[in-house]
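The figures that follow rest on heavy atoms only: side chains count, while hydrogens, waters and symmetry mates do not.
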Amino acid sequence: VQLQASGGGLVQPGGSLRLSCAGSGSIFSINGMGWFRQAPGKEREFVAGVTWDGARTYYVDSVKGRFTISRDSAKSTVYLQMNKLKPEDTAVYYCAAVRSYYSGNRPLDSNGMDYWGKGTQVTVSS
């Protein structure tokens, strides 16, 4: 499985960005996908997760109501719509996929992810 993330950039506080993560290869083996982020000097943290059928989603508290994760099955792509961005959202964002069952009712564990895309930088600054 290969994951290709895109969509990062520089945005002002209060602005929006949409990240995309396109999957290819043996994507039938995937049961869940998620977005993680890592700010300078901090550990990588879970941001949002979605079941492979797109039916259930889970978010870290700090992004609830602002970020939306979704999946386009036809394109094998997962999106992260980020609205009302804050400077503290600045980080490198990574998409990842897991083969084991994911219920969509809990955070994904970065140590348990099977596939990772390259990061995309998101900078929120005026």
ILVMFWY network linking Ile27 to Tyr79, side-chain heavy atoms under 4.5 angstrom: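 Different hydrophobic clusters.
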Please name the pair of heavy atoms, one in [X] and one in [Y], separated by the smallest distance, quoted to 0.1 Å.
X     : Y      : value
Thr51 : Tyr102 : CG2-O, 3.3 Å
Gly8  : Leu17  : C-CD1, 4.5 Å
Val92 : Gln121 : CG2-OE1, 3.2 Å
Asn83 : Ser16  : OD1-OG, 2.9 Å
Tyr59 : Ala48  : CD2-CB, 3.6 Å

Glu88 atom CD, neighbour heavy-atom count above 12 within 6.0 Å: yes
Lys64 NZ: over 12 foreign heavy atoms closer than 6.0 Å: yes
Tell me, do [X] and [Y] make a side-chain contact under 4.5 Å, heavy atoms counted?
X      : Y     : result
Pro13  : Pro87 : yes
Phe67  : Leu85 : yes
Ser29  : Val1  : yes
Ser125 : Leu10 : yes

ring-ring contact (aromatic ring centres under 6.0 Å, His included) partners for Phe36, two or more places apart: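 With sequence neighbours excluded, Phe36 shows a ring-ring contact (aromatic ring centres under 6.0 Å, His included) to Phe46, Trp116, given in chain and number order.
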[atom2] on [Y] to [atom1] on [X], rounded to 0.5 Å:
X      : Y     : atom1 : atom2 : value
Ser62  : Glu45 : OG    : CD    : 5.5 Å
Arg18  : Thr68 : CZ    : OG1   : 11.5 Å
Met113 : Met33 : CE    : CE    : 7.5 Å

Member of Ile69, Val122, Val50, Val63 meeting the side chain to side chain contact (heavy atoms under 4.5 Å, CB included) criterion with Leu80: Ile69
Trp52 backbone acceptor or donor facing Arg71 side chain under 3.5 Å: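 At least one qualifying donor-acceptor pair exists.
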Between Gln4 and Ser6: side-chain donor-acceptor atoms closer than 3.5 Å: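 Distance-only check fails for Gln4 and Ser6.
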Distance-only donor-acceptor check, side chains Arg99 and Tyr115, under 3.5 Å: yes
Audit row: Trp35, Cys21, side-chain contact (heavy atoms from CB on, under 4.5 Å) steps and yes/no: CA-CA 9 Å; Trp35 288 94; Cys21 179; 3.6 Å; yes
side-chain hydrogen bond (donor to acceptor under 3.5 Å, both in side chains), paired with Arg37, selected from Thr120, Asp89, Thr90: Asp89
